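Start at 1 with the first residue, then count along the sequence. These figures come from a predicted structure and were not determined experimentally.
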Amino acid sequence: MSVKLNPRKSYIYLVSKLGAASLNLLSIALFTRLLTADLYGNYLLFSSYVTLVCSLLFWWHRLSAYRYYHKFEDEYGSYIRTSYYLYGSLIILIIILCFIVFFLPISLTIKSIIYMSGVGAIVKSNFDLNQNILNIRRIDNVFGINVITRPLIFVIVGLILIFFFSINYFGLIYAFILSFLVVAIYSNYIILNNSPKGIFRLDIASKFASYGFPMIGLFIFDYILTFSDRLFLDHYMGSGMVGVYGANYDLIKQILLFLMIIQSYILYPQINKAYEKGDQTTVHKILSFNLSIFITIFMPLCILVIYFNQFITAIFIGEKFTESSAQLIPIFSVMFLLWGTKIYHFDYFFQLKEKTKYPMYILCLGSIINICFNIYLIPKLGIVGAAYATSVAYLVVFIISIIVSGRLMPTKIDAVVLIKTCIILIICITVINIPLIVSLNTIAKMTIFLFIYSILAIKFNFQRIKPHIKYLYQ
């Protein structure tokens with residue numbers, strides 16, 4: 001059976017990621033009400049362990065496959081088989097490591113965590129690899145189906161296991177593994193069934209390794225930077241605080257980052273293709289447009305979330321998790337705006353120039369800052385101290401990334417768009433604070449904010465980005 005490959009349809013990314021984000025928000029709303037903070041925190045710790053294994057073993061391979069598709073597009077059969085053989089070798093390595101762990105003099109609980117994290121990492125990394133291949137090849141329909149199906153399975157299976165089998169946070173762990181496994185098996189079939197014959201190529205594997213291996217250090221530091229706060233919270237304050245912190249963190253991550261991810265899925269394949277073909281003019285135009293979208297879409301969204309944070313958290317997070325939300329949400333909102341801009345804009349410069357060692361050094365510095373500030377601030381400020389520590393580290397990493405990436409490739413910020421957006425946001429905030437409006441309910445004020453911003457942005461900013469839209473979002 002063969003599957004017809006669809007032409008690119010960028011709206012699929014918007015619809016699918018919007019659906020996935022809605023399901024992820026639903027899962028936070030449901031499971032923060034069904035589980036205690038301690039139990040939900042234990043699940044979040046498991047997911048952080050899975051991320052650690054993925055960062056150590058799998059991410060270098062996935063991003064190498066993503067980076068070099070267009071270079072080996074004419075030899076796709078060998079490219080895809082080389083990629084999957086390398087992935088298989090990493091699975092064998094995990095099995096060997098788990099076998100060694102079996103004989104180590106450590107508790108059965110720790111062994112179980114290692115085994116479960118290994119299984120979770122295998123299925124999640126398979127899913128991530130397939131999604132990157134589907135994206136770079138623009139097999140959009142299958143990509144979109146997977147994006148929605150995975151969290152849907154997670155929510156359904158999680159609810160069944162918790163409600164009918166009374167399996168607390170382990171129900172979420174089993175749902176996590178099963179959701180990635182089901183979608184990964186289907187995607188493996190789609191990708192391999194639609195690929196021509198090929199062989200394992202040592203030159204392709206060597207290219208993957210030379211590009212990807214230096215990124216292992218980067219991913220280790222990235223893990224420390226993004227997850228060490230949870231580990232320190234668990235050490236100083238227990239898993240309950242991890243649950244509270246993680247629920248607020250994941251909520252803002254879903255609200256702010258999902259649109260950035262959509263943007264990257266649409267634009268990065270085109271940036272990569274133009275760069276490999278030597279079309280520098282197109283590369284710089286798309287990069288400039290990408291940054292303008294961060295200014296006109298994501299910065300206002302960040303302000304909206306900060307201003308109405310109590311209303312948002314009351315909807316999506318259970319009462320047991322909202323005690324510190326008023327302090328955490330504004331910090332997380334700014335943090336993810338900076339982090340998303342770094343990942344989905346300035347990191348492209350390092351990837352295209354194959355200078356992956358630079359972000360590794362930058363994240364190393366950020367990791368050291370994060371660890372030191374977590375150790376200092378958590379005992380003094382508690383859960384908010386962890387948020388401050390991570391935010392300071394993100395800010396340092398963001399600033400250095402801008403400086404270093406600018407030396408590799410010139411970056412152009414449309415100052416006119418930035419100034420106009422700031423003025424429009426000031427107008428929006430001023431209007432919703434007019435005495436006649438400030439007494440309205442929150443939904444009405446949010447609607448007014450969005451309406452005024454949309455009208456003014458279309459009036460004063462749309463003309464500057466309009467030439468790119470028809471070409472890029474077809």
Side-chain angles (χ1 to χ4, degrees), residues 46-69 71-72 75-104 111-137 146 150 173 176-192 195 198-224 226-227 351 354 356-357 359-360 363:
F46 161 78
S47 67
S48 72
Y49 300 146
V50 170
T51 302
L52 174 60
V53 177
C54 289
S55 65
L56 289 172
L57 294 179
F58 291 103
W59 283 357
W60 70 269
H61 166 257
R62 171 175 61 86
L63 290 184
S64 296
Y66 195 52
R67 171 64 179 83
Y68 289 114
Y69 167 75
K71 180 177 285 293
F72 298 107
E75 304 162 286
Y76 177 71
S78 295
Y79 157 85
I80 199 66
R81 277 160 178 75
T82 301
S83 180
Y84 275 92
Y85 285 144
L86 288 174
Y87 169 73
S89 68
L90 296 174
I91 294 177
I92 293 173
L93 177 60
I94 283 190
I95 294 173
I96 293 173
L97 292 174
C98 287
F99 182 76
I100 294 173
V101 167
F102 180 79
F103 294 99
L104 294 179
K111 289 182 179 180
S112 298
I113 291 173
I114 293 173
Y115 298 151
M116 295 293 287
S117 299
V119 173
I122 289 172
V123 294
K124 184 180 185 304
S125 61
N126 191 188
F127 172 87
D128 292 340
L129 172 64
N130 291 340
Q131 288 298 91
N132 276 170
I133 292 173
L134 293 170
N135 171 233
I136 201 70
R137 291 191 67 199
N146 291 349
R150 208 290 303 173
I173 293 176
F176 177 98
I177 293 173
L178 184 63
S179 64
F180 282 110
L181 177 63
V182 170
V183 178
I185 291 173
Y186 171 74
S187 299
N188 288 337
Y189 171 77
I190 293 295
I191 291 171
L192 293 174
S195 64
I199 58 173
F200 176 83
R201 289 264 300 275
L202 186 60
D203 60 323
I204 297 176
S206 299
K207 193 68 175 176
F208 280 21
S210 63
Y211 175 79
F213 279 173
M215 299 179 77
I216 295 176
L218 182 152
F219 294 139
I220 292 173
F221 295 129
D222 178 79
Y223 177 84
I224 295 172
T226 54
F227 285 96
Q351 295 168 17
E354 302 180 56
T356 51
K357 63 180 181 180
M360 180 184 70
L363 290 182

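Applying the salt bridge (charged side-chain N to carboxylate O under 4.0 Å, His left out) test to pairs two or more places apart or on separate chains, those with a residue in residues 56-69 are R67-E276, R67-E354. The salt bridge (charged side-chain N to carboxylate O under 4.0 Å, His left out) contacts involving residues 176-185 comprise nothing, where partners must be two or more places apart or lie in separate chains. A salt bridge (charged side-chain N to carboxylate O under 4.0 Å, His left out) check over residues 121-133, counting only residues at least two apart or in different chains, returns the pairs K124-D128.
Legend: residues meeting side-chain hydrogen bond (donor to acceptor under 3.5 Å, both in side chains) with S47, ordered by chain and number and at least two apart, are absent. Residues meeting the side-chain hydrogen bond (donor to acceptor under 3.5 Å, both in side chains) test with S55, sequence neighbours left out: none. Take D222 and apply the salt bridge (charged side-chain N to carboxylate O under 4.0 Å, His left out) test, not counting sequence neighbours, and it matches no residue. Annotation: side-chain hydrogen bond (donor to acceptor under 3.5 Å, both in side chains) contacts of S195 (sequence neighbours excluded): R81. Taking the side chain to side chain contact (heavy atoms under 4.5 Å, CB included) definition, one finds that L63 meets it with N132, M215, F219, sequence neighbours left out. Applying the side-chain hydrogen bond (donor to acceptor under 3.5 Å, both in side chains) rule to Y211 yields no partners; only residues at least two apart in sequence or on another chain are considered. Listed by chain and number, the residues in a ring pair (Phe, Tyr, Trp, His ring centres under 6.0 Å) with Y49 amount to none (sequence neighbours excluded). The side chain to side chain contact (heavy atoms under 4.5 Å, CB included) check on M360 picks up L218, F221, with sequence neighbours excluded.
The cationic atom of R150 (NZ for Lys, CZ for Arg) lies less than 6.0 Å from the six-membered ring centre of F180 and within 45° of the ring axis.
Going from atom OG of S187 over to atom CG of N146 covers 3.5 Å, rounded to the nearest 0.5 Å. With rounding to the nearest 0.5 Å, the separation of OG1 in T82 from NE2 in H61 is 9.0 Å. Taken to the nearest 0.5 Å, the OH atom of Y79 stands 13.0 Å off from the CZ atom of R201. Atom OG of residue S112 and atom CD1 of residue I173 lie 10.5 Å apart, to the nearest 0.5 angstrom. Atom CD1 of I80 and atom CG of L192 lie 6.5 Å apart (nearest 0.5 Å).
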Next item on the list: Test Y115 against V101 for side chain to side chain contact (heavy atoms under 4.5 Å, CB included), laying out the working first.
Entry: CA-CA 9 Å; Y115 298 151; V101 167; 4.2 Å; yes
Item checked: Stepwise side chain to side chain contact (heavy atoms under 4.5 Å, CB included) test for T51 and W59 -> CA-CA 10 Å; T51 302; W59 283 357; 3.5 Å; yes
Next item on the list: Output, in order, the C-alpha distance, side-chain angles, deciding distance and verdict of side chain to side chain contact (heavy atoms under 4.5 Å, CB included) for Q131 and L134.
Entry: CA-CA 5 Å; Q131 288 298 91; L134 293 170; 3.4 Å; yes
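A donor-acceptor pair under 3.5 Å is formed between the side chain of K111 and the backbone N or O of F102. At least one donor-acceptor pair under 3.5 Å links the side chain of Y223 to the backbone N or O of S48.
Side-chain contact between N126 and F58 is absent, with no heavy atoms from C-beta onward closer than 4.5 Å. With a 4.5 Å cut-off on side-chain heavy atoms, S83 and F208 count as touching.
Ring-centre distance between F176 and F46: below the 6.0 Å cut-off.
The heavy-atom pair separating A121 from V53 by the smallest distance is CB-CG1, 3.4 Å.
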Identify each donor-acceptor pair in which a side-chain atom of residues 84-100 lies under 3.5 Å from a protein atom, sequence neighbours left out, and give them as a table.
unit_1, atom_1, unit_2, atom_2, d
Y84, OH, N130, OD1, 2.5
Y87, OH, I122, O, 2.7
S89, OG, L86, O, 2.5

